[in-house]
Amino acid sequence: MAEVVGHIDAETMPETEAPAMTDGFHLVIDAFKLNGIETIYGLPGIPVTDLARLAQARGMRVISFRHEQNAGNAAAIAGYLTQKPGLCLTVSAPGFLNGLTALANATTNCFPMILVSGSSEREIVDLQQGDYEEMDQLNIARPHAKAAFRVLHAEDIGIGVARAIRAAVSGRPGGVYLDLPAKLLAQTMTAEAGRRSLVRVVDAAPRQLPSPQSVERALAVLKSAKRPLILLGKGAAYSQADAAIRALVERSGIPYLPMSMAKGLLPDDHAQSASAARSFVLAESDVVMLIGARLNWLLSHGKGKTWGAPKQFIQIDISPTEIDSNVAIAAPVIGDIGSCVAALLDGIDASFPKPGAAWLDAVNERKNKNLEKMAATLAKDPTPMNFHSALRVLRDVVKANPSVTVVNEGANTLDFARSIIDMYEPRKRLDCGTWGIMGIGMGFAIGAAVETGKQVIAIEGDSAFGFSGMEVETICRYRLPVCIVVFNNNGVYRGTDQNPSGGSDVAPTVFVKGARYDKLIEAFGGRGYHASTPAELERALREAIALGEPVLINAVIDEAAGTESGRLTNLNPQSAAHKK
Ligand SMILES: Cc1ncc(C[n+]2csc(CCOP(=O)(O)OP(=O)(O)O)c2C)c(N)n1
Ligand SMILES: [Mg+2]
């Protein structure tokens, strides 16, 4: 092999003037490697099989999935965890479409990823002459991506990859689509020209400093507060400004609330955490400082009953157009979160007024009352096991192993786990995010295991698990330290619905009763456990963590314990006829 960028075997050419050659396949791989991207999450086939093969030959880690959506979710969460775009590789048309949901979800959640899809011949696609897997992928991707690019000439691969990387990670991160027509991959050029065409991206996500005026304005609003609150979003977690954010919270003395994926940015047992008094602080606060959190549906759009009396908002965000999206923002601070928080910290010295005792006492009183109530609920040991008694075990296991990553999806399984399981380290809780999407489970678990090299526990509703369940084979194939806990309540939300017509089909929310998900992983050499009591669950979890190998625990949950849509019952329109 010539020691140049890729090669076409020069030995078969006349010795004298055969320059070493490269091609599209090699250039794509070299362009990503040059920029420190060393892992591909994908699924091979025409026209990218050789791309995956060559990537592995050239030292990239290639994680091959059973469905592109899961590969895309793994890439997206890899991007979230590392601040480098995660790479997902798919075939054309159907493979591309399978990956598109993950791309759209990444864009919605501001995860940096690049979906690289092979595509069919442009000339045939554009004339709609019926090519193999014909589809105008670029245009389909555009509305679901932060940016979308197509490369037609091998000499543009370096620029195309550079643009994709910059678009994914700069400013507000997001999903980027990169279209690689089959013909491009086979195009050749001299290795020397190829090497010169590659681009090493300098400062891909430049710091963006907030204006001094915006910082002063924010500090002035914060100083005027009687009942201040800090709200941390997953943007804050993404920024990796962990120490500065903690210093801001602690130096200001202000109670804070983490959004789901910001849990653990400060440990959930921190004295200033107001999680257990969420409704109270949202309604009663008079100034709220949002740090990398958006006022979308997850925060009731910043208005209505949840938010009580009118209040002033300070919003720290990297995107200027996020401001005033739902309600008026009194003090926007625009910049990268690390720089904004550092600038605010500079203005908070010992003379900065601390929140009054009346406010802190009221928050603590409410918090302690709710914590006591929760402790009483968690202490119960009903038969069959319910969400609470099972999650008590998981709470204790995570407390004893704070560096595990928790992946979580479902309805009741999601909502109860979020409020019961405390997190202690940043970016260790990965879940359904902005869309409340099902299907991220195994993709996120694989991405997190590959990127961190550490134990992952995926807490999955039985319905949620089904969306990506076949990836247990992938988990076993790569022997990843993933322990899947299926909360098996025989269905979507609960397993007790009846077919109102009296027909022989079960109700649309009900699955096979008493299913043994643990048998599934055994088919691929993983270890399965069946747990119907908290003690059995605890034993299985401890063994799984000690092993650090693929495990699936089928946790039997009372099929009557859940509620419709978990905590989102209010978003679920119900037919008046259905209620009769
Ligand atoms: C892609 C997608 N399809 C469908 C839904 C609707 N949905 C919300 S939660 C859920 C499953 C809830 O059941 P399960 O995972 O078993 O959790 P449980 O409430 O039973 O604990 C579904 C299908 C969704 N959020 N995303
Ligand atoms: Mg269920």
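Just follow the structure's listing: the first ligand is 1, and inside any ligand the first atom is 1. Treat the numbers as computed from the prediction; the structure is a model and nothing was measured.
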Whether the side chain of [X] engages the backbone of [Y] through a donor-acceptor N/O pair (distance < 3.5 Å, no angle test) should be reported.
| X | Y | value |
| --- | --- | --- |
| R66 | E471 | no |
| W307 | H301 | no |
| N488 | N554 | no |
| E536 | A555 | no |
| N489 | D558 | no |
| E460 | G410 | no |

Report yes or no: does [X] have a heavy atom closer than 4.0 Å to ligand 1?
| X | answer |
| --- | --- |
| G562 | no |
| C432 | no |
| F487 | no |

Please confirm whether [X] comes within less than 3.5 Å of ligand 1 when only nitrogen or oxygen atoms on both sides are compared.
| X | answer |
| --- | --- |
| G410 | no |
| I437 | no |
| A464 | yes |
| T413 | yes |

[atom]: which protein heavy atom is closest, and how many Å away?
| atom | result |
| --- | --- |
| atom 17 (O) of ligand 1 | A411 N, 3.2 Å |
| atom 14 (P) of ligand 1 | S463 CB, 3.5 Å |
| atom 26 (N) of ligand 1 | M438 N, 3.2 Å |
| atom 25 (N) of ligand 1 | G436 O, 2.9 Å |

### Query
When the ring centroid of Y177 is compared with that of F96, is the distance short of 6.0 Å?
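Aromatic pair counts; centres sit under 6.0 Å.
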
(request) May I ask which of V492, N412, D415 has a heavy atom nearer to atom 18 (P) of ligand 1 than the others do? (result)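 Residue with the shortest heavy-atom distance to the ligand atom: N412.
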
Should the proximity of [X] to ligand 1, defined as any heavy atom under 4.0 Å, be assigned to the side chain, the backbone, both, or neither?
| X | value |
| --- | --- |
| F387 | side chain |
| F467 | side chain |
| D462 | both |

Q) Would you call R527-E549 a salt bridge at under 4.0 Å N-O? A)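 Answer for the salt bridge query: no.
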
- Query: Do E538 and R542 meet the salt-bridge criterion of a basic N to acidic O distance under 4.0 Å?
  - Reply: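 Counted as a salt bridge, because a side-chain N and a carboxylate O are separated by less than 4.0 Å.
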
For [range], which residue pairs pass the salt bridge (Lys or Arg N to Asp or Glu O under 4.0 Å) check, not counting sequence neighbours?
| range | answer |
| --- | --- |
| residues 394-414 | none |
| residues 92-114 | none |
| residues 366-380 | none |

Are there any protein N/O/S atoms under 2.8 Å from the Mg ion (ligand 2), and if so, which?
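N, O, S partners closer than 2.8 Å: D462 OD1, N489 OD1, G491 O.
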
Exercise for the section: Apply side chain to side chain contact (heavy atoms under 4.5 Å, CB included) to the pair I457 and V407, showing each step before the final yes or no. Expected result: CA-CA 6 Å; I457 300 179; V407 171; over 6 Å; no

| task | For atom 22 (C) of ligand 1, decide whether some protein heavy-atom distance is shorter than 4.0 Å. | result |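 Within 4.0 Å: yes, protein heavy atom nearby.
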
To the closest 0.5 Å, what do you measure between NE2 (H530) and CZ (R516)?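 Atom-to-atom, H530:NE2 and R516:CZ are 4.5 Å apart.
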
